[in-house]
Number of protein chains: 2
Amino acid sequence: MTSPENASDLPESGPEAARRRTGGRSARVRAQVVEAVGTLLVESGYDALTVDAVAERAGVHRTTVYRRWRDVGGLLADVLDAAADDGWRPADTGSLEDDLTALNQEVYEALRPGGADAADGYGSGYGSGYGSGSGSGSGGNLTIALIAASFRSAQAAGALTRFWEGRYARSAQVSDRAVERGELRPGVDARALLVTATAPLYQELLLLRSTPDPELPRRAARAACAAARAGVFH
Amino acid sequence: MTSPENASDLPESGPEAARRRTGGRSARVRAQVVEAVGTLLVESGYDALTVDAVAERAGVHRTTVYRRWRDVGGLLADVLDAAADDGWRPADTGSLEDDLTALNQEVYEALRPGGADAADGYGSGYGSGYGSGSGSGSGGNLTIALIAASFRSAQAAGALTRFWEGRYARSAQVSDRAVERGELRPGVDARALLVTATAPLYQELLLLRSTPDPELPRRAARAACAAARAGVFH
DNA sequence: ATCTTAACGCAACATCCGTCGCTTTAAGGA
DNA sequence: TCCTTAAAGCGACGGATGTTGCGTTAAGAT
């Protein structure tokens, strides 16, 4: 759980620097607030995620939230950074196409209207505590809410980028394994391959908001495979 | 120029329906407001696009804007619908890869940080009157501002989807021409091909906000070509 | 030219949002 | 246990945002 103020975590430069107090009350407040953010997002979507609502839900005073997180973007950055360092790994199915399809399936679930309950924007694991968002009325999709927020706050945008880059970095082993198996020649640009594979899902579900096509994850994976085998990413 | 209220343009159902007044003053007000929206977006980005700022810039009263467009989303929807029916056509270069690259180049310019001055999110032509946004400080990218807005307003989201679908529909002839030339077998899914070709640009520049790579438009086009030739979109 | 009334202008109002100065609580070192 | 002070609580404020009721202007029909 990375907090805004210790993101760059020098232990206070001065010799007699003021001691931070991260124990007891502060920790409790943070936990309550972070949980309130998740709950509110799932229940009523991003528009309901005001500082006031979070504070009330967390049983904490408004000014406390303003001082520690500054704004909604800061709250989301905190939540996202916490989600970023889960133990997620890409599935290992034995073939490049199936690996990419599995990856795309996760993205698909996260982006689908009734979608997953997690900061699953790409990958799983986060906050399985938040009951599935399935059909929770105006709640809408949590992942989409987070992305929407990233357009309103530089801080949230940075956190989201870090989250995704972490996912892509770990997914590079999908490409590595394909090389080991001899499916691809060495020297392939893993990131380009992965972006090509996943991008159509974001395009269709997030930007174009077309009706979800269950075949899309596999088709996008196949397209990326074909391009990779043709040497486009070398 | 499609206005919110005549979007579904039945000429008033009742036999003695109240006559709308679209002439003189109303038309002038609309023109002033729409122009103010464009100017403000280019000059200072989406965050500066408040109803008040638009009203002041247009020399019109706040309540007028609130009543006719309801909110910023309504304003943007109006602007986007106006931009959607320009005369845009995809370039015809003589080969599929070059056609797609040209398409991607337009998207690239529109999405790049110092990017194009138009609602060029995909395609050109709109409002060439708005001086190029090149480097206009905090202005940021107009296209990205419009997309960001679409996450805050269902009305703007709908307009943006319509805009893009129109672009994709017209771009289908890129695929048709490739079939005619014998580059692709008949029966290819043009939309899937086009989405695959353009999606990596949106992914990198809009979502991941990575530093622009001038090679990206061509690489994405090549990847889509390779997939198409492999029969992925049939 | 005259009349009706849609659309705009205006001012007052209610909210919401973020900030500030001050007080109170309790974390953490001695 | 006591002391210092970081961090939370509290109330009040100023500014921005959106709404409402009413008066004024002018579009469009006769």
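Order of the sequence lines sets the chain letters (A, B, ...), proteins ahead of strands, with each chain counted from 1.
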What's the closest nucleotide to the [X] side chain, out of [options]?
X        : options                   : result
Arg25(A) : dC20(C), dG18(C), dT25(C) : dT25(C)
Arg20(B) : dA7(C), dC20(C), dT20(D)  : dA7(C)
Arg68(A) : dC17(C), dG9(D), dA7(D)   : dA7(D)
Val60(A) : dA27(D), dG9(D), dG28(D)  : dG9(D)

side-chain N/O [X] vs [N] OP1/OP2, d < 4.0 Å:
X        : N       : answer
Thr63(A) : dG9(D)  : no
Ser26(A) : dA8(D)  : yes
Tyr66(A) : dT19(C) : no

Problem set entry | Arg191(A) atom CZ: more than 12 heavy-atom contacts under 6.0 Å |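 Above 12, so yes.
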Seminar exercise, completed: Closest to the 5' end of DNA chain D, once Val72(B) and Gly59(A) are matched to their nearest nucleotides, is Gly59(A)
Exercise. Could Asp85(A) and Arg162(A) be called an ion pair, given the rule that one side-chain N must be under 4.0 Å from one carboxylate O?
Worked result: no
Problem set entry | Pairing of Arg209(A) and Glu165(B) as salt bridge, 4.0 angstrom limit | no
Length of the [atom1]-[atom2] vector between [X] and [N], whole Å:
X        : N       : atom1 : atom2 : answer
Glu56(A) : dC17(C) : CD    : P     : 12 Å
Arg28(B) : dC8(C)  : CZ    : P     : 11 Å
Leu49(B) : dG18(D) : CG    : P     : 11 Å
Arg67(B) : dT19(D) : CZ    : P     : 11 Å
Arg30(A) : dA6(D)  : CZ    : P     : 17 Å
Trp69(A) : dT19(C) : CH2   : C1'   : 18 Å
His61(A) : dG21(C) : NE2   : C1'   : 13 Å

For this session: Measure the acute angle between the ring planes of Phe151(B) and Phe151(A), then classify it against the limits of 30° and 60° as parallel, tilted or perpendicular.
Result: parallel
Exercise. Could a donor-acceptor pair under 3.5 angstrom be found where the side chain of Arg62(A) meets the base of dG9(D)?
Worked result: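 There is none.
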Seminar exercise, completed: Looking only at heavy atoms, the pair that brings Ser171(A) and Pro90(A) closest together is CA-CG, 4.0 Å
